[in-house]
Amino acid sequence: MKRLFCLLCVLLLLPVIAVGAVEMDIPAKSAVLMDVATGTVLYEQDAHTPLAPASVTKVMTMLLIMEAVDDGRIKWDDTVTASEAAAAKGGSQVYLKVGETMPVSDMVKAIAVSSANDCACAMAEHLAGSESAFVDLMNSRAKELGMQDTHFVNCTGLDDSEEAKNHKTSAYDIALMSRQLLKNHPDIKKFTTIWMDTVRNGEFGLSNTNKLVRFYQGATGLKTGFTSQAGYCLSASAAREDMELVAVVMGSESSKERFAACKSMLDYGFASYALITPATEKAQIPVKLGTADVATAVPAGEDAVLIEKAQKNQVTQQVVLEEQVDAPVSKGQRLGTLYIKAGEQVLKEIPMVAEQPVEKLTFWQMLGRLFRKLVMAD
């Protein structure tokens, strides 16, 4: 009996979702599969090993650009002028000439679709004054996102200089910044899902380096990378049935292998897991000595819940509130819990909080209320 009790305790302590336990043959030095909504890692392989990321670096470049657009510091139709430094960038490019101008929208399109190093540099200078100042912003943002395996040296991922040999990040960190970009700046997908397009008024053609955009159902991006030092890298994202995943590989030996590896991870994620969003539950709780008789309780936030796909049809919700609360009640004060369950198994607990404040009755308000009760009783 004692051994049975211990076994039951161990089972109760097991996580709801056993992630990362699946065995997959991923032909890469490092790999991660992450759910975008919750940040849950569903698979990992040497996920925190710092490696050269090549042009997958530009996920951070695009993130900083999108943050500047979304907070109004720059606009899509702003004119960006190519400097000598930008025009001199090697590798993938659209061959900007010194002094040539493009709107922000075309610059971002060229970065997202064709991995244009010259446009990445031009945008870095446009935002921060110089590439080095922009790199400082990249490293600062990486720290804010918890990217502990990362040190950026440039905004492109080019690693052909001595200094650039220190340009490193990890598959996990790439997933973190990819998640931030996809979740909070969905307009980037207008660019990352382009298969073929043009800039310069149709005179220069662009073809997406991410072949999954054309050949994988639900692909939303995100960024390829290759140098001889980094090997073939990819941050690939896709969305199906309200769930979006990002799969990252670093150091594959061929382009074909990186696409196949990300496809395998995405297939696994979509086949094995589902995402549910709790219904907006509202409940009322009696308030003692309050200016209102009841307080309305609502879920704190709209947290998505990641579950094993087999559990999807078993999910139920249960609200448990305190029997009564004393005034005053402040907005956001916890009043109970919303339980998300599969059968009797609790998948997630979400605080139920006061939607609006309820003030405490003053002495004169209580006296007036008592008087009205006496009058009505007569």
Side-chain angles (χ1 to χ4, degrees), residues 15-21 26 28-71 124 127-128 133-157 166-186 188-189 192 220-223 225 230 233-237 243-251 262 265-266 269 273 275 300-306 348 350-351:
V16 172
I17 298 177
V19 298
I26 300 299
K29 293 179 180 178
S30 181
V32 160
L33 176 67
M34 180 180 286
D35 168 55
V36 171
T38 64
T40 305
V41 173
L42 304 178
Y43 174 81
E44 60 182 312
Q45 173 182 303
D46 296 324
H48 290 280
T49 303
L51 298 168
S55 281
V56 181
T57 297
K58 297 188 182 84
V59 171
M60 179 59 80
T61 302
M62 291 190 291
L63 174 59
L64 293 182
I65 293 170
M66 291 304 300
E67 289 178 343
V69 170
D70 287 348
D71 67 20
L127 280 171
F134 186 80
V135 170
D136 288 340
L137 296 178
M138 294 171 70
N139 284 316
S140 176
R141 193 71 180 98
K143 287 182 180 179
E144 291 172 357
L145 294 176
M147 297 168 58
Q148 299 181 5
D149 312 318
T150 296
H151 176 68
F152 293 120
V153 171
N154 56 53
C155 66
T156 60
N166 296 318
H167 186 91
K168 304 282 187 181
T169 189
S170 66
Y172 178 78
D173 283 2
I174 290 172
L176 283 182
M177 63 180 178
S178 298
R179 178 188 180 227
Q180 184 74 14
L181 179 59
L182 292 163
K183 186 177 181 183
N184 295 314
H185 307 282
I188 193 62
K189 298 172 194 177
T192 57
T220 56
L222 190 60
K223 192 69 201 72
C233 305
L234 176 62
S235 177
S237 58
M243 181 170 69
E244 188 165 24
L245 302 175
V246 58
V248 179
V249 294
M250 303 182 73
C262 283
M265 286 191 286
L266 291 170
Y273 299 98
L275 195 71
E302 296 182 2
D303 294 342
V305 181
L306 188 72
K348 192 176 185 70
I350 301 174

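Heavy atoms only: backbone and side chains are in, while hydrogens, waters and symmetry mates are out. In this chain, numbering begins with 1 at the start of the sequence shown. Because the structure is a prediction, the values reported are computed rather than measured.
Residues Ala47 and Val32 share a closest heavy-atom pair of CB-CG2, 3.3 Å. Closest approach of Ala128 and Ala133 over heavy atoms only: O-CB, 3.6 Å. Among all heavy-atom pairs drawn from Leu234 and Val56, the shortest one is N-CG2, 4.0 Å. Minimum interatomic distance between Ile26 and Met265 (heavy atoms only, all atoms of both residues): CD1-CG, 3.8 Å. Among all heavy-atom pairs drawn from Gly269 and Leu42, the shortest one is CA-CD1, 4.5 Å. Closest heavy-atom contact between Gly157 and Thr57: CA-OG1, 3.4 Å.
Between Arg179 and Leu145 there is no side-chain heavy-atom pair separated by less than 4.5 Å. By the 4.5 Å heavy-atom criterion applied to side chains, Leu33 and Leu245 are counted as neighbours. The shortest side-chain heavy-atom distance between Val248 and Met34 does not fall under the 4.5 Å cut-off. No side-chain heavy atom of Val36 sits less than 4.5 Å from a side-chain heavy atom of Ser237. You'll find the side chain of Lys189 reaches within 4.5 Å of the side chain of Glu244, heavy atoms only. Here the side chains of Asp149 and Lys168 are not in contact, with every heavy-atom distance at 4.5 Å or above. You'll find the side chain of Leu275 reaches within 4.5 Å of the side chain of Thr38, heavy atoms only.
To the nearest 0.5 Å, atoms CZ (Phe152) and CG (Asn166) are separated by 13.5 Å. Here the CG-CZ distance, from Leu64 to Arg141, works out to 7.5 Å after rounding to the nearest 0.5 Å. Separating the CE atom in Met177 from the CE atom in Met138 is a distance of 7.5 Å, to the nearest 0.5 Å. A distance of 12.0 Å separates NE2 in His185 from CE in Met62, rounded to the nearest 0.5 Å. Distance check, rounded to the nearest 0.5 Å: CD of Glu144 to CG of Leu176 gives 13.0 Å. With rounding to the nearest 0.5 angstrom, the CE atom of Met66 is 10.5 Å from the CG atom of Asp71.
Side-chain contact check for Ser30 and Thr49: no donor-acceptor pair (N or O, by modelled atom type) lies under 3.5 Å.
Gln45 contributes a side-chain N or O that, together with a main-chain N or O of Ala28, makes up a donor-acceptor pair within less than 3.5 Å. Using modelled atom types, no side-chain atom of Ser235 and backbone atom of Lys223 make a donor-acceptor pair closer than 3.5 Å. A distance-only check finds a donor-acceptor pair linking the side chain of Thr61 to the backbone of Cys155 [under 3.5 Å].
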task: Kindly indicate, with the supporting measurements, whether the criterion side-chain contact (heavy atoms from CB on, under 4.5 Å) is fulfilled by Asp35 and Met243.
output: CA-CA 8 Å; Asp35 168 55; Met243 181 170 69; 3.8 Å; yes
